[in-house]
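One structure, as structure tokens, below. Some questions next.
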There are 2 protein chains.
Amino acid sequence: MALDHAILVSLLERPGSGYELARRFERSIGYFWTATHQQIYRVLKRMEGDGLLDVRDVPQRGRPDKKEYSVAGPGRAVLAAWLHEPIEPESLRHDLAVKIRGAAFDDPAALIHEVERHHRVHGDRLAHYLAGERRDFTGPGAPSPPDAARELQHVVLRGGIAYERMTIAWLDDVLATLHRLGRTAPPA
Amino acid sequence: MALDHAILVSLLERPGSGYELARRFERSIGYFWTATHQQIYRVLKRMEGDGLLDVRDVPQRGRPDKKEYSVAGPGRAVLAAWLHEPIEPESLRHDLAVKIRGAAFDDPAALIHEVERHHRVHGDRLAHYLAGERRDFTGPGAPSPPDAARELQHVVLRGGIAYERMTIAWLDDVLATLHRLGRTAPPA
DNA sequence: TCGTTCTATGCAACTCGTTGCATAGCAAGA
DNA sequence: TCTTGCTATGCAACGAGTTGCATAGAACGA
């Protein structure tokens with residue numbers, strides 16, 4: 001149930017509604033954790049029922065009212081307890097790697113367009129991360145000295161940047177390999 | 001249902017029992033896809049029922065009999081169809097990144113031991129991958145010229161190696177950040 | 001001989017995550 | 001006015017994945 005913890009962290013960084021959380025999971029938090037709005041609404045409701053979160057109705061002008069959630073004392077305690085527990089080092093779920101190995105039993109060259117598409121997506125993500133880094137951390141408008149929360153957000157973002165750079169370099173390697181196989185071993 | 005496809009690829013590379021597949025998912029295939037034996041047995045049964053796999057009972061000496069699965073014609077067709085479909089670029093699920101951002105609301109320095117532990121695990125994985133690469137691809141006993149399947153296995157392994165190297169470098173960055181925060185901003 | 005470990009397969013229950021659908025207010029433009 | 005799109009919340013059903021447990025033959029060492 002790390003989604004619970006990701007929500008607690010996000011709400012500690014800034015209280016917000018389910019809808020706002022869902023959008024954060026498409027952006028900053030979503031760089032390393034994904035969730036759909038249905039999942040978020042369900043978990044928010046459960047956590048509120050368990051007393052981990054406070055809610056308050058916020059009327060809005062020009063748009064529907066929202067429920068703004070914030071972390072209650074017990075929620076903070078739950079997060080602190082989790083922070084002191086060891087967790088399993090992450091393991092990957094990489095569909096594309098399955099496809100690449102599977103391509104040996106089909107036409108390797110047919111994968112080139114798919115890999116190029118992934119290459120573009122990761123290039124876009126990298127550009128997006130770098131823009132965010134300039135805006136929030138290294139650009140002229142970024143506050144200094146930054147506090148612990150910002151420093152930690154920055155080091156996580158640097159991880160995302162390193163991940164995208166590594167992935168792009170690897171996809172170049174994959175493309176070179178597929179091209180080489182296409183030349184030397186045409187498909188049956 | 002990419003587990004289905006991962007199983008098809010693994011069985012095309014080499015037929016095997018559910019038990020053997022489960023061990024492969026702790027090793028080579030498991031570098032980029034994980035599955036428990038329960039999941040595997042269940043999926044094997046379903047795929048066999050759907051005619052995607054063939055089974056054959058193999059009596060063994062000194063150990064229990066096993067059921068050896070191999071890919072049937074329709075299974076190959078299902079895999080080929082999947083290979084020609086586009087898939088979503090992968091997204092991460094990185095608990096440790098959640099913890100790192102969460103540490104801002106607790107004691108950042110308390111995370112150091114956990115991060116060091118992950119650092120060691122990734123160092124071990126890297127060493128393991130490099131040993132496998134020497135054994136199967138770059139060492140003196142490795143066959144040359146390699147076929148397409150081996151080339152593709154190798155490029156996926158290089159991806160795993162690049163991932164571990166990137167992760168280790170990032171964890172160094174994280175540790176430096178946590179140490180810095182521990183010095184300049186002692187916990188409340 | 002007795003407990004442990006490894007091979008080998010499986011059920012049942014549960015939780016997590018996804019997909020499809022539904023509602024509703026308001027804004028903006030055709 | 002009518003459609004489209006954005007904000008905002010939610011249900012129901014399904015599928016994927018985890019956890020705990022159970023069985024059983026054989027090897028191996030204490």
Side-chain angles (χ1 to χ4, degrees), chain A residues 1-8 11 15-27 29-30 32-50 53 55-69 82 87-88 90-95 98, chain B residues 1-8 10-11 15-27 29-30 32-50 53 55-69 82 87-95 98:
Chain A
M1 350 192 143
L3 176 56
D4 298 36
H5 304 118
I7 286 176
L8 287 169
L11 289 179
S17 68
Y19 189 81
E20 282 161 357
L21 279 171
R23 294 210 306 170
R24 289 182 209 172
F25 275 89
E26 290 167 2
R27 298 185 300 105
I29 283 271
F32 50 87
W33 203 270
T34 58
T36 59
H37 77 271
Q38 287 84 350
Q39 229 183 316
I40 291 166
Y41 283 121
R42 202 194 302 157
V43 171
L44 283 174
K45 189 158 285 189
R46 193 193 70 229
M47 289 172 82
E48 191 219 326
D50 292 346
L53 300 178
V55 206
R56 131 188 122 83
D57 281 314
V58 178
Q60 298 188 110
R61 288 180 309 156
R63 54 180 65 176
D65 297 352
K66 66 176 180 179
K67 298 185 189 174
E68 190 180 82
Y69 290 89
W82 178 69
I87 52 173
E88 282 295 300
E90 86 289 349
S91 47
L92 297 177
R93 282 284 165 104
H94 208 302
D95 295 70
V98 178
Chain B
M1 4 185 136
L3 176 57
D4 299 36
H5 305 119
I7 286 176
L8 287 169
S10 192
L11 289 178
S17 67
Y19 189 81
E20 283 161 355
L21 278 172
R23 295 210 306 170
R24 289 182 210 173
F25 275 89
E26 291 168 2
R27 297 184 302 105
I29 284 271
F32 48 87
W33 202 270
T34 58
T36 61
H37 77 271
Q38 287 87 348
Q39 229 183 317
I40 290 165
Y41 283 121
R42 201 194 303 156
V43 170
L44 283 174
K45 189 158 286 189
R46 191 192 71 229
M47 289 171 83
E48 191 219 328
D50 292 345
L53 301 179
V55 206
R56 137 187 118 82
D57 280 315
V58 178
Q60 298 188 110
R61 288 179 309 154
R63 55 181 65 177
D65 298 350
K66 66 175 180 180
K67 297 185 188 175
E68 190 180 82
Y69 290 89
W82 179 69
I87 53 173
E88 282 295 299
E90 86 289 350
S91 47
L92 296 177
R93 281 283 165 104
H94 208 303
D95 295 70
V98 178

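Naming convention: chains lettered A, B, ... in sequence-line order (proteins, then strands); numbering from 1 in each chain.
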Taking only residues two or more places apart in sequence or in another chain, which ones pass side chain to side chain donor-acceptor pair (under 3.5 Å) with B:Ser17? none
Nearest whole Å is fine: how far is C:dA8 C1' from B:Gln60 CD? 9 Å
What residues, two or more places apart in sequence or in another chain, satisfy side-chain contact (heavy atoms from CB on, under 4.5 Å) together with B:Glu68? B:Pro15, B:Arg56, B:Val58, B:Lys66
Starting at atom CD of A:Glu20, determine the distance to atom P of D:dA8, rounded to an integer number of angstrom. 6 Å
Without decimals, in angstroms, what is the distance between B:Glu88 CD and C:dT19 C1'? 14 Å
Between the protein and nucleotides 20-23 of chain D, which nitrogen or oxygen pairs are less than 3.5 angstrom apart?
| from | atom 1 | to | atom 2 | distance (Å) |
| --- | --- | --- | --- | --- |
| D:dG20 | O6 | B:Gln38 | NE2 | 3.1 |

Does the side chain of B:Tyr41 get closer than 4.0 angstrom to OP1 or OP2 of C:dG10 through an N or O atom? no
Can you check the A:Arg63 CZ to D:dG5 P distance for me, whole Å? 18 Å
Quick one: is C:dT7 close enough that its OP1 or OP2 comes under 4.0 Å of any side-chain N or O from B:Tyr19? yes
How close or far is atom C1' of C:dT15 from atom NE2 of A:His5, stated in whole angstroms? 15 Å
Round to a whole Å and report the spacing from CG of B:Leu44 to P of C:dT9. 9 Å
Is any side-chain N or O of B:Thr36 closer than 4.0 Å to OP1 or OP2 of D:dT19? no
Taking N and O atoms by type only, does the side chain of B:Arg42 place a donor or acceptor under 3.5 Å from a partner on the base of D:dG15? no
Please report the interatomic distance CG(B:Leu21) to CG(B:Leu11), rounded to the nearest 0.5 Å. 4.5 Å
Among residues at least two apart in sequence or on other chains, which ones pass ring-ring contact (aromatic ring centres under 6.0 Å, His included) with B:Tyr41? B:His37
Partners passing salt bridge (Lys or Arg N to Asp or Glu O under 4.0 Å) against A:Arg46 (at least two apart in sequence or in another chain): A:Asp4
Check this one for me: any side-chain N or O of B:Arg93 less than 4.0 Å away from OP1 or OP2 of C:dC16? no
Does a nitrogen or oxygen in the side chain of A:Gln39 sit under 4.0 Å from OP1 or OP2 of C:dC16? no
Not counting sequence neighbours, which residues clear ring-ring contact (aromatic ring centres under 6.0 Å, His included) with B:Trp33? List them please. none
On a heavy-atom basis, the closest approach of A:Gln39 and A:Leu3 is NE2-CD2, 3.4 Å
side-chain N/O B:Lys45 vs C:dG10 OP1/OP2, d < 4.0 Å: yes
Below 4.5 Å, heavy atoms only, C-beta onward: do B:Leu44 and B:Ile7 meet side chain to side chain? yes
Can you tell me the distance, in whole Å, between the CG atom of B:Leu3 and the C1' atom of D:dT18? 13 Å
Protein-nucleotide distance (B:Lys66, atom NZ; D:dA26, atom P), rounded to Å: 17 Å
For C:dG10, does either OP1 or OP2 sit under 4.0 Å from a side-chain N or O belonging to B:Lys67? yes
Is there, by distance only and without an angle test, a donor paired with an acceptor across the side chain of A:Arg46 and the base of C:dT15 below 3.5 Å? no
Please state whether the phosphate of D:dG17, meaning OP1 or OP2, lies under 4.0 angstrom from any side-chain nitrogen or oxygen of B:Thr34. no
